[in-house]
Amino acid sequence: MQSTRLNNLEKRAAVSLALIFSMRMLGLFMLMPILAIYGQELSGVTPMWIGLAIGAYGLTQALFQIPMGWLSDRYGRRRIIVLGLIIFAIGSIIAGLAESIEMVTFGRAIQGMGAIASAVLALASDVTREEQRPKVMAVIGMCIGMSFAAALVLGPMVAKSFGLAGVFNLTAIMAVVGIIIVLTIVPVSYTRGHSGEVTATSSRLISMLCHPQLIRLDFGVLILHMMMTSLFIALPVLLTDAGLAIDNHWQIYLPVLFLSFVFMVPMIIIAAKKSLEKVMFLAAIGMLIIALSAMVLTQSFWPLILTLFLFFIGFNFLEASLPAHVARLSPAGQKGSAMGVYSSSQFFGAFLGGITGGYLVQNFGFSYLFAANAVLALLWLIIASSMVLPASSKRVSIPIEPVDGGQWQQLIDNISDCSGVMEATLVEDEHRIYLKVEKSNYDRDSVDRLIREFI
């Protein structure tokens, strides 16, 4: 009987990789609540350039996310993670030494080139058992969420004591600490090839871009992060104008984030238990529309806090739901490619949010920024209304022994006819069958029997 607990290797992998991921994301997030204020000290600063500096890392993250995953398949996970952290540290140092907003933007773009997310997740997959992998991924995901909340507190505090350069210097130090963790704590793994469930493959990216349901989710996460990034071009300025010192902004951000999470959790539970995933999904987008529309009408202190609270309830629900829906909708054995396109869309949204938000604030003002985001959210609501979610499912990965001249297609056809099997994919190079099956109606015995008879 297999253990239901993480073994020592899996615990080590979960903790060390979560630390690396969260420290890197902390360094990226810390800039969001402070740049609009502290960036005023830089030469050449305009709202447009502030937006570019905030969003620049998103563009290079989107461009390098999938290639770095491919490189980790070929040259090893740890090497590419270390390389990515070195690039991230170099970008942080460049931005820390910069005296102009243009050089800060250049440094941020370099930071984004150290795109290690796919390599980290692939390494987590390499060293964990199939049945324990979701727990390890959940630990990593929770640490990323905590790093966002911590960044909103630490960013203003560090900036007050050490200035904008101090924030970038701290991110460089964290990158170096991350390298030490990789070299001393992260488990060593050797892999002969990628897994389509974890990393993206070039042959499948086009099909993911043409998948009608996945495209709705990719568009959604692009809009979601476009709104989030652009919001932080306005929020620090509005809170400061309302008389709240920037090093006290965390007193707003932290309670708002915490309470929005408390209110978001029941939504997730109700959606799952009552099979109301789509209804709650659309309701969360509706919350964004209401919050952003209210921000257009008034930007005084307490109404702004209330609308921000409503925004983050919707944002947190959607942020948690979107990747789960991508996993459900992605074809068997192709989750890595689906998540690769999804992650690139997420980061590209951050870039677009920076550049469009900066443009709107510079030329038209905050109200136009909020109005444009409300229109985008409304467009997303219309597109998402035709989204079709499949029955609740789980993924099964079955290793197989290679058989020369085997009739693989016949085996997959037979497995596909088994009760509860929604999709079946055999990846011959990996010697593995990937299944997407119904949670409550999967006839595992029939599948195992077919495989035994074939081999």
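Throughout, residue positions are numbered sequentially from 1 according to the sequence presented.
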For Leu257, side-chain contact (heavy atoms from CB on, under 4.5 Å) partners two or more places apart: Phe148, Ala149, Leu152, Phe312
Close aromatic pair by centroid cut-off 6.0 Å: Phe309 and Phe263: yes
Do side-chain atoms of Glu319 reach the backbone of Phe315 as a donor and acceptor pair under 3.5 angstrom? no
Please tell me whether His225 and Phe351 form a close aromatic pair, meaning their ring centres lie under 6.0 Å apart. no
So does Ala109 get a backbone contact from the side chain of Thr60, meaning a donor-acceptor N/O pair under 3.5 Å? yes
With no hydrogens and no angle check, is any side-chain donor or acceptor of Ser161 less than 3.5 Å from a backbone partner on Val158? no
Just by modelled atom types, is the Ala62 backbone N or O under 3.5 Å from a matching donor or acceptor in the Ser344 side chain? yes
Determine whether Gln111 and Ser92 satisfy the following criterion, side chain to side chain donor-acceptor pair (under 3.5 Å), listing intermediate values before the conclusion. CA-CA 6 Å; Gln111 282 183 320; Ser92 300; 2.8 Å; yes
Dump the intermediate steps for side-chain contact (heavy atoms from CB on, under 4.5 Å) on Ile252 and Leu235, then the final yes or no. CA-CA 11 Å; Ile252 300 299; Leu235 280 178; over 6 Å; no
Taking the side chain from Arg12 and the backbone from Ile185, do they hold a donor-acceptor pair closer than 3.5 Å? yes
Are the side chain of Lys273 and the backbone of Ile268 linked by a donor-acceptor contact shorter than 3.5 Å? no
For the atom pair OG (Ser260) and CG (Asn316), what is the distance rounded to the nearest 0.5 Å? 4.0 Å
Just to verify, which of Ile50, Val237, Ile233 counts as forming a side-chain contact (heavy atoms from CB on, under 4.5 Å) with Val361? Ile233
Would you mind reporting whether Leu19 and Val15 have side-chain heavy atoms less than 4.5 Å apart? yes
More than 12 foreign heavy atoms under 6.0 Å from CG of Asn363: is that the case here? yes
Please confirm whether the backbone N or O of Gly114 pairs with a side-chain atom of Arg24, one donor and one acceptor, at under 3.5 Å? yes
If you look at every heavy atom in Thr229 and Met32, which pair is closest and at what distance? CA-CE, 4.3 Å
Please answer whether the main-chain N or O of Val388 pairs with a side-chain N or O of Lys278 as donor and acceptor at a distance below 3.5 Å. no
What's the shortest heavy-atom distance between Met287 and Gly314, and which atoms? SD-N, 3.9 Å
Crowding at CZ, Phe106 (>12 non-hydrogen neighbours, <6.0 Å): no
Roughly how far, to the nearest 0.5 Å, is the CG atom of Leu83 from the OG atom of Ser72? 11.5 Å
What one should report as the nearest heavy-atom pair of Ala165 and Gly96 is CB-O, 3.3 Å
Does Thr171 use its side chain to pair, donor to acceptor, with the backbone of Phe168 at less than 3.5 Å? yes
Arg108 side chain to Ile54 backbone, donor-acceptor under 3.5 Å: yes
Looking only at the side chains, is there a donor atom on one of Ser367 and Gln299 sitting less than 3.5 Å from an acceptor on the other? yes
